[in-house]
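Residue numbers start from 1 in every chain, and the chains themselves are labelled A, B, ... in the order their sequence lines are given, proteins ahead of strands. Only heavy atoms go into these numbers, but all of them, side chains included; no hydrogens, no water, no symmetry mates.
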Amino acid sequence: MEGDRASCSTSSRNWQHGSYRARDGRRRKRRRKPWGERIADWTRALIAFLFSNVGIVCLVVGYTIAGAFLFTHIEGKNNLDIVADVIRLRNVTAATLWELTFKENVFSERIWKAKVKTVLENYQKKMVTAIKNGYDGAEESKRWSFAGAFLYSLTVITTIGYGNICPKTKSGKMVTIVYAIIGLPLFLLYLSNIGDILAKSFKWTYARCCLCKCRRKPLEMASRANTHDGADTRRNHWQMVDLNESEIDTFSVDRSTSVEDDETRERDDDDSYDPQQVTVPLTLCVAIMVGYIWGGAILFSEWEDWNMLDGSYFCFVSLSTIGFGDIVPGDKIYAAQGLDLSFIFCSMYLMLGMALIAMCFNLMQEEVIAKVRAFVRTIKYIFRCDR
Amino acid sequence: MTRVPIRSSLKSRDSNSSSTEPDLRKRIKNYCRKLVAFMCTQVGVGGLVVGYAIIGAFGFMMIETQSQIPSAACIRESIRKQYAEELWLSTASNRTINIFDKTTFRMVSNQILRRYQDNFTVDYRKENCSGLTATDLWSFPAAMMFCLSVFTMIGYGTLVPQTPWGKAVTVIYAVLGIPLYVLYFLNMGKVLAQTFRSLYTWLHECTGKRKAGQRITVPSTACLWVIFGYVLSGSIMFAAWEGWNYLDSAYFCVTSLCKIGMGDLVPGWTHGDLTADSQTKLIINFVYLLLGMGLIAMCYDLMKEDVYVKAREMKEQILEIVDATHYQLEMCCKSEILK
C-alpha cells in the first residue's frame, strides 16, 4: 500500500515535470496533445480541486447559493399569489361592510355590530386558511427573498431545519427532498474535511504555544498546518469512528495533485504525523465549545435584543442541529433592512460553528476512547481482584 | 432485534461466580454486573433511550405546566369584538366622515381590516395563542415527542418550552441525551447490519451463487432500496391516516429521517389541537422514527464498508490511469525527440 502510493506520487510528479518541460520548451508541441487527454487532464485537476479543502467550502457555499436562487424562484411566485389573494379578500370584505352599512339601519348600533361581527368572523376564517397556506403578514414576499432562501437552504443541508419558513408548493417540497438528499452528504464531507484540518492546525498550535515543543521541521509543519488556503496538500480524509468497539478505522484517499513545489511534497505522508501525537485535553475542547456558544449568545443578544438565556438557548439549539425555530434571528433578515450583514453573519456563525464542533469531536474522540478503555480496564481489574 | 446477544465472556463469568458462593455481597455485585451487561447490549440501549424519553417527558410536563401565563391578547373573540367596535366608531358614529361616501368608507374600513389582519397574523404565529393552556399542550405523548425531537436532533418546533427553566433544562437534557442517542444509533446500526447481512448471505446461498467461504459485502443499492421502501411505507401510512397527499407525507418522512424536522407537518398535530386519536398517532410516529433511525444507522454501517471497497477500487483505477498517461507521455516525448 505504502509502496503503491509512493510509486504513484513519484510517477505523477515525473509526469508533471514532463508536462512542464513540454510547456516551457516547446509550446508548439503541446498544442498537439490529443484532445481527449487534455480533457481528462482538466477533469482530473478539477476533481482534485473540488475534493480539496478550499474546494469543498466553495462547493458548499455554491450549493447553498444555487439552492437559494432555486427556492426564491419556486416559492416566491406562490407567495405573491397568496398575498394578492389576501388583498383581494380584504377589499371584498370592505365592500361587504359598505353594502351592509348602506342597506341596514346605521343608527342601531347593536344590530350593526352583530352583522359586522359575522362578516369579520367569515373574514377571519378565510385568513386562517391563507395563513396555513403560507401567508405571513407581509405585503411583499420578503420571506423568500434571497437572504431568507439562503438561510433556508443552509438549514436544510445542515439538518437544522428551523421551520419558520417552509415550502408550500408541491414543487418546492419535491425540490427540498432532492436538495436534502444531495446536500446532506456534501455537508458531511465538508464537516469531516474541515474538522480534520482545523483539528490538525489546532493541535499544532496547541503543541507549539502551550506545550512549547519544538519540532524537527517547524517550517514544514507551518506550511502543513496552514493548508486552509495553501495548495500543497490536498487529501480527502474520511474518518469513521465506531464508538461501540472503540476503534477508529481511517482511510485516506490521497490524491497527488501538487502543481508547484515538489520539494516540500517529497515527504509529506510519513513524518507529518509527528506533531499530531499531542492529545489536547478534554476540558479545553469543552471550553472551546462552551466559549463559542457563549460568544454567540452575547453577539445575538446584542443584535436581536434577546436576553442571555434566549441567546445561548438559540446558539445551542442551532449548533446541535436541533433547530426548533421558535427563536430565529429572523426579523431583521426577513424585513429587508440591515439585511446583508445580519444574514451573512448568521450563516457564517452556523457554518463556522459546525466546523468547530466537528473539530472538537475530532480532537475529543481519541481522548474519550482512551478514557473509556481505561475505565473498562479498571472495572475488569476490580472484578478480577475480588475474585 | 428480538434476540439478546449478551457477551459470552460476561455470561460465563456470571454463571461461574453465582454457582460457587451465594454470598450476599457477591450476589449484589453479580447483579450489578448483569445490569451493566444488559444495559450495554443493544436491547438495553434501546430501553435506555425510551426510558430517557419517558423521564424527560415527565420532567418537561412538570416544568412547563407550572407556568400559567394567560395570554389575554390571544383570545380571538375579544379581538374581533374590539375591531367591530372600532369599525363602528370610525364609520357610523364618526361625524367627520360622511358615511355615504363610498370610497372614503372603503378606505377607512380597509385600513382597519388591515390592522385587524396584522394583529391576527402575529397572534396566530405565536405558539401559545391556540387558546389551550399549558396543561393541554403538554400532554404525555406530546411531551415525549418533544423529548424525542430534542435528543434525536430533529427539532420539530411545534412544541417548545416557554419558560426560562424549560429552556435551560432543554439544553442540559440535550447535552446528556445526544451522546446516549448516538450510542443507540451505532448499536442499533450494528445489530441491524448483522441481521441484514446474514439475511442477504442466506438469500445468496439460496440462489446458489455463493461459494463457501466467500465473504459477501452487501451492495449499497440494497441499502438504498431498504431505505426507499421504509420511506415509501411510511408515507403511505401517514397519508392514509392524516389525509395528506403522498407528496406531503413523503416530504414529512424524508425531512424527519434526515433530522431536518421542519415542523410544518407533524402527524397528530394541527396547531395545538390534540385529541385522543392524535395521541396514538404521536406514539406511532415515535416508534416509526426510532426504527427509521436504526435503519439509517444500519445503512450507514453497511454502506461504509461498501463505499470503502469502492473507493479503493477507484483509487486503483486512478493509479492505472495515471500510469498509463505517464507511459504514453513518455513515449510521445521520445518520439518527438527522435524526430
Side-chain angles (χ1 to χ4, degrees), chain A residues 4 8 11-12 14-15 18-19 22 29 37 90-91 93-95 97-98 101 106 109 112-113 116-117 120-121 123-124 127-128 131 135-137 156 159 161-163 166 170 173-174 176-177 180-181 184 240 242-244 251 253 309-310 313 316-317 320-326 383 386-387, chain B residues 17 33 76 80-81 83-84 87-88 91-92 99 102 105-106 109-110 113-114 117-118 120-122 124 127 150 153 155-157 160 164 167-168 170-171 174 178 182-183 186-187 190 247-248 250-251 254-255 258-264 304 308 311 315 319 322-323 325-326 329-330 333 336:
Chain A
D4 242 19
C8 148
S11 67
S12 74
N14 283 343
W15 164 64
S19 79
K29 270 145 206 164
E37 203 165 297
R90 199 169 59 233
N91 285 334
T93 315
L97 277 178
W98 162 254
T101 326
V106 206
E109 184 179 340
W112 191 86
K113 267 190 191 165
V116 164
K117 234 159 99 181
L120 279 186
E121 203 164 354
Y123 175 63
Q124 179 185 307
M127 278 301 300
V128 169
I131 289 169
Y135 179 70
D136 60 336
V156 166
T159 74
Y162 287 127
C166 30
K170 282 190 176 179
K173 281 172 185 170
M174 219 123 68
T176 303
I177 293 175
I181 288 173
L184 285 183
M240 286 156 185
D242 214 335
L243 274 184
N244 198 35
F251 70 94
V253 186
L309 176 70
D310 275 358
Y313 172 74
F316 178 81
V317 160
S320 61
T321 72
I322 294 177
F324 284 129
D326 53 340
F383 281 136
D386 268 19
R387 208 180 306 152
Chain B
S17 58
R33 202 179 305 147
R76 293 173 196 170
R80 205 158 56 223
K81 210 174 263 175
Y83 276 90
L87 269 176
W88 167 257
T91 57
I99 35 168
K102 194 174 171 182
F105 178 86
R106 275 209 180 169
S109 57
N110 213 340
L113 279 183
R114 175 78 209 278
Q117 169 194 311
D118 284 351
F120 185 71
T121 325
V122 168
Y124 193 87
E127 207 54 52
V150 168
M153 304 175 270
Y156 286 121
V160 284
K167 283 172 186 170
T170 306
V171 170
I178 287 173
V182 170
L183 199 66
L186 293 174
N187 247 331
K190 196 171 289 164
L247 177 67
D248 273 2
Y251 170 75
V254 170
T255 50
C258 291
K259 302 186 203 171
I260 298 174
M262 291 293 180
D264 52 343
K304 187 170 71 181
Y308 181 78
K315 195 175 149 193
L319 287 192
V322 165
D323 274 349
T325 331
H326 177 211
L329 257 171
E330 258 182 4
C333 286
E336 294 283 347

Quick one: what part of T176(A) sits under 4.5 Å from any heavy atom of chain B, side chain, backbone, both or neither?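 Side chain of T176(A) only, per the 4.5 Å heavy-atom cut-off to chain B.
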
Under 4.5 Å heavy-atom distance to chain B, tell me which part of Y162(A) shows up: side chain, backbone, both or neither. backbone

Less than 4.5 Å to any heavy atom of chain A: does that hold for the side chain of V171(B), its backbone, both, or neither? both

Below 4.5 Å from any heavy atom of chain A, which atoms of Y156(B) appear? Answer side chain, backbone, both or neither. backbone

Spacing of [atom1] belonging to [X] relative to [atom2] belonging to [Y], to within rounding of 0.5 Å:
{"X": "D264(B)", "Y": "K173(A)", "atom1": "CG", "atom2": "NZ", "answer": "6.5 Å"}
{"X": "D326(A)", "Y": "K167(B)", "atom1": "CG", "atom2": "NZ", "answer": "6.5 Å"}
{"X": "I177(A)", "Y": "T255(B)", "atom1": "CD1", "atom2": "OG1", "answer": "7.5 Å"}

Less than 4.5 Å apart, any side-chain heavy atom of [X] and any of [Y]?
{"X": "F316(A)", "Y": "T170(B)", "value": "no"}
{"X": "M174(A)", "Y": "L247(B)", "value": "yes"}
{"X": "K170(A)", "Y": "D248(B)", "value": "no"}

What heavy-atom pair brings A180(A) and I260(B) nearest, and what distance separates the two atoms? CB-CD1, 3.8 Å

Test log, rule side-chain contact (heavy atoms from CB on, under 4.5 Å), inputs I322(A) and K259(B): CA-CA 8 Å; I322(A) 294 177; K259(B) 302 186 203 171; over 6 Å; no

